Amino acid sequence: MSLEARDISFRYPCGRELYRGLSLSVEPGERVALTAPSGRGKTTLCRLLAGYLEPSVGRVLADGEPVRPVARLRGEASPVQLLPQHPELAFDPRVRLGQSLGEVAGAGEACARARADELLGSFGVRGEWLARRPHELSGGELMRLAMVRALFVRPRYLIADESTAMLDAVTQAELWHVLLGLQERDGWGLVLVSHSPALVGLVATRRVEL
């Protein structure tokens with residue numbers, strides 16, 4: 001069982017090639033940091049691993065099953081969830097946040113409500129935030145909700161692409177404390193991108209240089 005990129009290559013429509021024959025494996029329970037100078041394709045690789053992009057060559061697999069592009073999913077939660085640097089990308093700007101969470105939480109099921117309540121409490125989400133739209137919250141508040149949304153579906157792998165880079169140091173420390181506690185409890189694999197050596201040193205169990 002692992003999240004695998006098998007001999008993938010990727011080329012943008014403009015012709016720029018980022019990878020050729022790249023392979024990567026992340027085991028459940030691992031915390032793998034992707035490191036490289038800016039412009040080397042770390043964010044693109046995160047999007048490939050999470051199914052937002054398709055490799056030009058090769059395959060991305062989660063526990064042996066293809067990670068299908070998000071555009072092709074039909075209401076099915078992906079086993080690989082992406083936390084982007086800008087949490088507003090995880091939400092429909094026209095929809096109140098409680099409704100957005102309800103779409104993934106199955107609000108009519110008692111067990112789903114209990115899990116949602118647990119995660120909302122763990123990340124310090126206030127009830128009044130759920131009546132607001134994304135632009136009405138701060139970046140830190142919205143990232144808390146993005147983390148709840150990603151973890152509610154019980155992913156087997158989480159991709160954190162500079163997901164706390166825009167937050168203050170206290171909020172970063174708090175959110176990573178919660179994430180690492182949940183990761184140790186639930187055993188999902190984590191892929192991390194960060195330009196903070198201190199954060200990588202604290203979180204990562206392994207580093208991969210692109």
Side-chain angles (χ1 to χ4, degrees), residues 2-5 8 10 12 16 18-19 22-55 60-62 67-71 73 77-91 93 100 104 123 134 137-153 155-169 171-180 182-183 188-210:
S2 62
L3 175 62
E4 298 178 86
I8 66 170
F10 182 80
Y12 280 107
R16 182 188 178 201
L18 286 177
Y19 322 111
L22 183 149
S23 292
L24 171 71
S25 179
V26 179
E27 305 296 323
E30 269 198 305
R31 302 193 295 265
V32 178
L34 304 179
T35 61
S38 296
R40 294 289 180 87
K42 299 185 295 296
T43 291
T44 298
L45 181 55
C46 287
R47 292 176 65 81
L48 286 162
L49 291 173
Y52 285 79
L53 295 172
E54 286 188 276
V60 176
L61 305 172
V67 177
R68 292 176 290 172
V70 169
L73 294 176
S78 172
V80 186
Q81 291 291 313
L82 175 66
L83 282 176
Q85 181 176 353
H86 302 287
E88 62 272 15
L89 298 178
F91 298 98
S100 288
V104 297
F123 285 101
L137 296 187
S138 71
E141 292 166 348
L142 199 56
M143 180 55 72
R144 293 171 190 269
L145 283 158
M147 290 177 173
V148 170
R149 183 183 175 93
L151 294 177
F152 179 83
V153 298
R156 300 196 292 274
Y157 304 93
L158 183 70
I159 315 293
D161 180 20
E162 291 279 2
S163 52
T164 60
M166 305 297 290
L167 309 180
D168 64 82
T171 303
Q172 286 194 49
E174 178 188 350
L175 293 184
W176 276 108
H177 177 76
V178 175
L179 277 175
L180 293 181
L182 293 172
Q183 195 254 355
W188 33 267
L190 173 68
V191 177
L192 163 73
V193 172
S194 175
H195 288 291
S196 168
L199 180 60
V200 170
L202 175 68
V203 172
T205 57
R206 180 163 61 93
R207 304 184 191 200
V208 173
E209 179 73 28
L210 297 182

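Residue indices begin at 1 and follow the sequence shown. It should be emphasised that the depicted structure is a prediction, and the values quoted were computed from it without experimental measurement.
Of the inter-residue distances, the one linking Leu61 atom CG with Leu3 atom CG reads 8.5 Å to the nearest 0.5 angstrom. Annotation: the span from Leu192 atom CG to Asp161 atom CG amounts to 9.0 Å, rounded to 0.5 Å. Summarising the geometry, atom CE belonging to Met147 is positioned 4.5 Å from atom CG belonging to Leu179; distances are rounded to the nearest 0.5 Å. In this structure, OG1 on Thr171 lies 13.0 Å from CE on Met166, to the nearest 0.5 angstrom. Between Glu162 atom CD and Thr43 atom OG1 the span is 7.5 Å, to the nearest 0.5 Å. A distance of 14.5 Å separates CZ of Arg149 from CZ of Phe123, quoted to the nearest 0.5 Å.
Without hydrogens or angle criteria, Glu88 side chain to Pro134 main chain gives no donor-acceptor distance under 3.5 Å. A donor-acceptor contact shorter than 3.5 Å is absent between the side chain of Tyr52 and the backbone of Cys46. At least one donor-acceptor pair under 3.5 Å links the side chain of Lys42 to the backbone N or O of Ala36. Glu30 places no side-chain N or O within 3.5 Å of a backbone atom of Gly189 that could act as its donor or acceptor partner. Judged purely by atom type and a 3.5 angstrom limit, Gln85 has no side-chain atom pairing as donor or acceptor with the backbone of Ala165. Not one N or O on the side chain of Arg68 forms a donor-acceptor pair closer than 3.5 Å with the backbone of Ser78.
Ser25 and Glu4 form no side-chain donor-acceptor contact under 3.5 Å, judged by distance and modelled atom types alone. Residues Ser2 and Tyr157 bring no donor and acceptor atom of their side chains to less than 3.5 Å of each other.
A salt bridge does not link Glu54 with Arg47: none of the charged nitrogens is closer than 4.0 Å to a carboxylate oxygen.
The only member of Leu182, Leu175, Leu180 that meets side-chain contact (heavy atoms from CB on, under 4.5 Å) when paired with Val178 is Leu182. When each of Val208, Leu48, Leu210 is checked for a side-chain contact (heavy atoms from CB on, under 4.5 Å) with Leu24, only Val208 meets the rule.
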**Request:** Could you give me the CA-CA distance, side-chain angles and deciding distance for Glu174 and Arg144, then say whether salt bridge (Lys or Arg N to Asp or Glu O under 4.0 Å) is met?
**Result:** CA-CA 10 Å; Glu174 178 188 350; Arg144 293 171 190 269; 3.0 Å; yes
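Taking the salt bridge (charged side-chain N to carboxylate O under 4.0 Å, His left out) definition, one finds that Arg31 meets it with nothing, sequence neighbours left out.
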